[in-house]
Amino acid sequence: MMSNEFRRPVSVDFAPRGSSCEWCGKPAERQLTAIGGTYHNEGGLFCRACGEKFSQAVINSLNAAMTTTTPGFELY
């Protein structure tokens with residue numbers, strides 16, 4: 001997994017009071033932003049369930065990128 005100062009692929013902040021989840025419309029609990037990978041700097045306001053799905057998508061994209069090998073370069 002990507003290494004950053006927090007050792008996390010997603011930064012987590014509180015959502016502003018009264019905001020809605022961008023995916024389902026329920027009250028948002030967190031503002032999430034991807035750190036690195038395909039989704040770098042993408043994110044939004046999410047309820048708990050959608051936030052977990054977004055985080056998992058970011059993690060999956062990072063894992064996929066790490067398992068792809070470049071000719072002449074092997075991952076150990």
Side-chain angles (χ1 to χ4, degrees):
M1 183 173 296
M2 179 182 173
S3 178
N4 59 58
E5 63 191 49
F6 302 109
R7 298 201 185 278
R8 299 183 70 183
V10 177
S11 71
V12 180
D13 292 308
F14 291 105
R17 178 169 279 162
S19 57
S20 299
C21 175
E22 294 180 17
W23 286 3
C24 72
K26 292 180 183 176
E29 295 181 21
R30 299 283 186 256
Q31 182 173 1
L32 305 176
T33 306
I35 302 171
T38 305
Y39 296 99
H40 183 64
N41 283 339
E42 291 186 30
L45 302 170
F46 298 98
C47 67
R48 182 175 305 251
C50 293
E52 289 175 8
K53 291 176 187 175
F54 174 78
S55 296
Q56 191 60 54
V58 172
I59 291 166
N60 290 344
S61 75
L62 290 171
N63 287 338
M66 290 182 69
T67 58
T68 303
T69 59
T70 304
F73 179 77
E74 297 294 327
L75 293 176
Y76 295 99

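Side chains are part of it too, since the values below use all heavy atoms of this structure and drop only hydrogens, waters and symmetry mates. Treat the numbers as computed from the prediction; the structure is a model and nothing was measured.
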Taking all non-hydrogen atoms of both residues into account, name the closest pair between [X] and [Y] and its distance.
X: I59; Y: P9; result: CG1-CG, 3.6 Å
X: C24; Y: C47; result: SG-SG, 3.7 Å
X: L32; Y: V10; result: CB-CG1, 3.7 Å

Show every donor-acceptor pair shorter than 3.5 Å between a side-chain atom in residues 49-57 and any protein atom, with sequence neighbours excluded, or say none if there are none.
residue: S55; atom: OG; partner: G51; partner atom: O; Å: 3.0
residue: Q56; atom: NE2; partner: N60; partner atom: OD1; Å: 2.9

Next item on the list: Scan residues 27-50 for pairs that pass salt bridge (Lys or Arg N to Asp or Glu O under 4.0 Å), counting only residues two or more places apart or in two chains.
Entry: E29-R48
Check: Who passes side chain to side chain contact (heavy atoms under 4.5 Å, CB included) against Q31, sequence neighbours left out?
Finding: D13, L45
